[in-house]
Amino acid sequence: MKGSPLTRQIIEIINSIPYGKVSTYGNIAAAAGNPRAARQVVRVLHTFSESEDLPWWRVVNREGRIALKRGFGFEEQFDLLISEGIELTSAGCANLDRYGWDVDDGISGNKE
DNA sequence: GCCATGGCTAGTA
DNA sequence: GCCATGGCTAGTA
């Protein structure tokens, strides 16, 4: 295990995204204590996805869309999300009102 | 120097 | 479509 406190915080949050849900770079960053650290989330995904067994595919951009490019992971992420029952548009966009998850949801029950 | 962002603008339809 | 942003890993010595 490696990384600064913020890095480990981000790892912990990503690991707590439930099956069948997605979270966004910005939300994870904010939950980790720095709303502007979205890019750190990107970095963590790059660096620790494998070693920390992160559910990297459950992280999407602010619009609920897969950020990866076609031919560079997009298809894999698409399939993984579909396999968890998440509906996606052909562009790889999920409805955040329905599938979005924030850390708070895990603490104080569900929204909706 | 890197990064899978996010937010805001210009410029077209 | 541009550019300001934030924090730091990987890999070598």
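Source: prediction; values computed, not measured. A, B, ... follow the sequence lines: proteins, then strands. Residue 1 opens every chain. Computed from heavy atoms alone, side chains included, the values below leave out hydrogens, waters and symmetry copies.
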Could you pull out the closest heavy-atom pair between Trp56(A) and Leu80(A), with the gap in Å?
-> CZ2-CD1, 3.8 Å
When the distance from CD1 of Ile14(A) to P of dT5(B) is rounded to whole Å, what number comes out?
-> 13 Å
For Leu88(A) and Ala94(A), work out which heavy atoms get closest and say how close.
-> CD2-CB, 3.6 Å
Watson-Crick/G-U partner (both atom distances under 3.5 Å) of dT5(C) = none
Nucleotide dT5(B), atom P - distance to CH2 of Trp56(A) in whole Å = 14 Å
Between P of dA4(B) and CZ of Arg70(A), the distance in whole Å = 17 Å
Nucleotide dT5(C), atom C1' - distance to OH of Tyr25(A) in whole Å | 16 Å
Examine dA4(B): is either OP1 or OP2 under 4.0 Å from a nitrogen or oxygen in the side chain of Asn61(A)? Give yes or no.
-> no
Check the distance between dC8(B)'s P and Arg62(A)'s CZ and give it to me in whole angstrom.
-> 9 Å
Would you mind pulling out the nucleotide paired to dA10(B), Watson-Crick or G-U wobble, both distances under 3.5 Å?
-> none
Does Gln77(A) use its side chain to pair, donor to acceptor, with the backbone of Val59(A) at less than 3.5 Å?
-> yes
Phosphate contact (dC3(B) OP1 or OP2) by His46(A) side-chain N/O below 4.0 Å | no
OP1 or OP2 of dG6(C) under 4.0 Å from side-chain N/O of Arg36(A) | yes
Quick one: Arg8(A) CZ to dG7(C) P, roughly how many Å, whole number?
-> 15 Å
Quick one: which of dG7(C), dG6(B), dA4(B) gets closest to the side chain of Gln40(A)?
-> dG7(C)
Indicate, with a heavy-atom threshold strictly under 4.0 Å, whether Thr24(A) touches base, sugar-phosphate, or nothing.
-> nothing
Return the value, rounded to whole Å, for the distance between atom CG of Leu6(A) and atom P of dT9(C).
-> 10 Å
Donor-acceptor pair, Glu75(A) side chain versus Gly71(A) backbone, under 3.5 Å?
-> yes
Ile28(A), Asp102(A), Leu54(A) screened by side-chain contact (heavy atoms from CB on, under 4.5 Å) with Ile17(A), the one that passes | Ile28(A)
Atom-pair distance (CD on Gln9(A); P on dG7(C)), nearest Å | 14 Å
Is there a side-chain polar atom (N or O) of Ser4(A) under 4.0 Å from OP1 or OP2 of dG7(C)?
-> no
Starting at the 5' end of DNA chain C, which residue's closest nucleotide do you reach first, Arg39(A) or Pro5(A)?
-> Arg39(A)
